[in-house]
2 protein chains.
Amino acid sequence: MQKEIEVDTVRAEFIEKIGVSAQNEGLPRIAGRVLGTLIFDGKPASFSDLAESLLVSRGSISNSVRLLEERLLIKRVAKAGDRQDYFQLAENPYTSMLDGVVNRIARVKSEIDESLAQIPDDVDGPRARLAQYAGFYGAMVSGLEAALNDLRQEKP
Amino acid sequence: MQKEIEVDTVRAEFIEKIGVSAQNEGLPRIAGRVLGTLIFDGKPASFSDLAESLLVSRGSISNSVRLLEERLLIKRVAKAGDRQDYFQLAENPYTSMLDGVVNRIARVKSEIDESLAQIPDDVDGPRARLAQYAGFYGAMVSGLEAALNDLRQEKP
DNA sequence: CAGTCTGTTCAGTTTTAATTGAACAAATTT
DNA sequence: AAATTTGTTCAATTAAAACTGAACAGACTG
């Protein structure tokens, strides 16, 4: 009995942690909690299950699963004899997640590069400093792309 | 003349871009604009200069520079014959920036590891899935630490 | 086909974060 | 030492984001 309670507590805490960390990744907290639920449970959860167990409105679930589907972190599946939509983790959720992170950073780098390209040739200082700043973003992208390859290696 | 206007426009756009991207890194927009200003200009800017050129209150500047100093992205310097504080980029701002990113991600990984450690041995499914999730964060940390080393190599 | 169930949308509300600006203390000047 | 300048603090305001829930359209059921 004690063990049962323990697992539920760990589960609840884990889900909340993922909810918080989702905010760092530009996702609303509820989307993170949905993701955390699906990671922990590892089995398809129905639309209403999610709304009830997370104590949020159906509108929020609809919005969250849309965001998570767009990012290829979860997928919608059907269950025979049930009209509801079910959701579970996508094939390679972490690859997709990392891909999203890389893209976000690469996009910032592009914007810096764009500014860099617009600076006249003879304006040396800003040119050099923006180049260095862009290089920093480039280093991050490279590092994360290496991580992405590692990840793809594991589960091809 | 045309060129002067051009540079100012690029500068203003760059500063705004950094302001926006700062929000991705958990910094308020104004802090990002301060950072963008210091990167572009490359010379110390006074406290009032910043408030005036960014059209924000002194309270906001005070708050922003505090955050940027804490993260070792900028430093406060004195200027002979001027009572004001001046600010410029810190020694290795990008190393510090990346360090902050790595730490933030590592902290999330620790939290997952913590949950993982609390799951009883016989609860296999969640245990395996959390381990995989933690592994993903580990891969990101490794990739970014490699980037951090590259960066330290450049400017030791 | 009337009734029910399901997920989406979006206007309105709530919550959270950012920003302001007035009050303040410390340092400097006159 | 009075007056001024400077940066910080924090309560109040503003702005932005998340969330709710009612209205709706489509799909299914009996």
Side-chain angles (χ1 to χ4, degrees), chain A residues 15-38 44-71 73-88 90 104, chain B residues 15-38 44-71 73-88 100 104:
Chain A
I15 289 170
E16 288 310 317
K17 285 175 187 174
I18 306 310
V20 172
S21 91
Q23 298 176 305
N24 296 335
E25 317 272 347
L27 280 173
R29 174 190 289 234
I30 291 180
R33 299 207 285 155
V34 168
L35 185 64
T37 301
L38 297 181
S46 80
F47 195 96
S48 331
D49 284 348
L50 290 171
E52 283 165 30
S53 86
L54 298 176
L55 301 170
V56 298
S57 70
R58 291 190 309 146
S60 284
I61 294 297
S62 177
N63 185 50
S64 293
V65 296
R66 181 179 52 77
L67 292 171
L68 293 170
E69 280 182 297
E70 281 171 7
R71 299 181 183 220
L73 303 182
I74 72 173
K75 66 177 178 182
R76 201 175 293 240
V77 295
K79 191 164 188 175
D82 195 335
R83 277 160 69 181
Q84 283 186 86
D85 291 350
Y86 279 71
F87 301 89
Q88 64 181 45
R104 185 152 54 94
Chain B
I15 290 170
E16 288 311 317
K17 285 175 186 174
I18 307 309
V20 171
S21 92
Q23 297 176 306
N24 296 335
E25 315 273 348
L27 279 174
R29 172 190 289 235
I30 291 180
R33 300 206 285 154
V34 168
L35 185 64
T37 300
L38 297 181
S46 81
F47 194 96
S48 330
D49 284 348
L50 290 171
E52 283 164 30
S53 86
L54 298 176
L55 300 170
V56 299
S57 70
R58 292 190 308 147
S60 284
I61 295 296
S62 177
N63 185 49
S64 294
V65 296
R66 181 179 52 76
L67 292 171
L68 293 170
E69 281 183 296
E70 281 172 6
R71 299 182 183 218
L73 303 183
I74 72 174
K75 67 178 177 183
R76 201 175 293 238
V77 296
K79 191 163 187 176
D82 195 335
R83 276 160 70 180
Q84 283 186 86
D85 290 351
Y86 280 71
F87 301 91
Q88 64 181 45
R104 186 152 54 94

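Keep in mind it's a predicted model, so treat the numbers as computed, not measured. Throughout, a chain's letter reflects where its sequence line sits, starting with A, and its residues are numbered from 1.
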C/dC10 P sits how many Å from A/Arg66 CZ, rounded? 10 Å
Which value, rounded to the nearest 0.5 Å, describes the distance between B/Leu68 atom CG and B/Leu73 atom CG? 5.5 Å
Correct closest heavy-atom pair for A/Ser64 and A/Val34 would be CB-CG2, 4.3 Å
When the distance from CG of B/Asp49 to C1' of D/dG7 is rounded to whole Å, what number comes out? 15 Å
Contacts of type side chain to side chain contact (heavy atoms under 4.5 Å, CB included), residue B/Ala22, not counting sequence neighbours: B/Leu27
What is the distance, rounded to the nearest whole Å, between atom OH of B/Tyr86 and atom C1' of D/dG7? 14 Å
Quick one: do A/Gln88 and A/Ile74 satisfy side-chain contact (heavy atoms from CB on, under 4.5 Å)? Show the steps, please. CA-CA 6 Å; A/Gln88 64 181 45; A/Ile74 72 173; over 6 Å; no
Polar side-chain atom of A/Arg33 near backbone of A/Leu54 as donor-acceptor pair, under 3.5 Å: yes
With rounding to the nearest 0.5 angstrom, report the CG to CG distance, A/Leu50 to A/Asp85. 10.5 Å
Might you point out which heavy atoms bring A/Arg29 and A/Glu16 nearest each other, and give the distance in Å? NH1-OE1, 4.0 Å
Nearest-Å distance, CD (A/Gln84) to P (D/dA27)? 17 Å
Length of the CD1-C1' vector between B/Ile30 and C/dG21, whole Å: 13 Å
Residues of residues 55-62 of chain B with any non-hydrogen atom less than 4.0 angstrom from an atom of DNA chain D: list those, numerically ordered, please. B/Arg58, B/Gly59, B/Ser62
Measure from CG on A/Leu50 to P on C/dT8 and round the result to the nearest Å. 12 Å
Per atom distances to the A/Phe47 side chain, the nearest of D/dG7, D/dC19, C/dT8 is C/dT8
On DNA chain C, nearest-nucleotide positions of A/Arg29 versus A/Arg76: which is more 5'? A/Arg76
In this structure, OG of B/Ser53 is separated from CD1 of B/Ile61 (nearest 0.5 Å) by 7.5 Å
Could you encode protein contacts along nucleotides 25-30 of chain C as a string, one character per nucleotide from 5' to 3', using B for base contact, S for sugar-phosphate-only contact and - for no contact, with a heavy-atom cut-off of under 4.0 Å? --BSS-
Check the distance between D/dT29's C1' and A/Asp82's CG and give it to me in whole angstrom. 14 Å
Check DNA chain D against residues 16-27 of chain B and give the residues with a non-hydrogen atom under 4.0 Å, in numerical order. none
Distance in Å, A/Arg58 CZ paired with A/Asn63 CG, rounded so as to fall on 0.5 Å steps: 14.0 Å
Looking for any heavy atom pair under 4.0 Å, which part of the strands does B/Asn63 touch: base, sugar-phosphate only, or nothing? nothing
Set of residues satisfying side chain to side chain contact (heavy atoms under 4.5 Å, CB included) with respect to B/Ser62, sequence neighbours excluded: B/Phe47
Interatomic distance where CZ belongs to A/Arg33 and P belongs to D/dA18 [whole Å]: 14 Å
Sorted by chain and residue number, the side chain to side chain donor-acceptor pair (under 3.5 Å) partners of A/Ser48 (sequence neighbours excluded) come out as A/Gln84
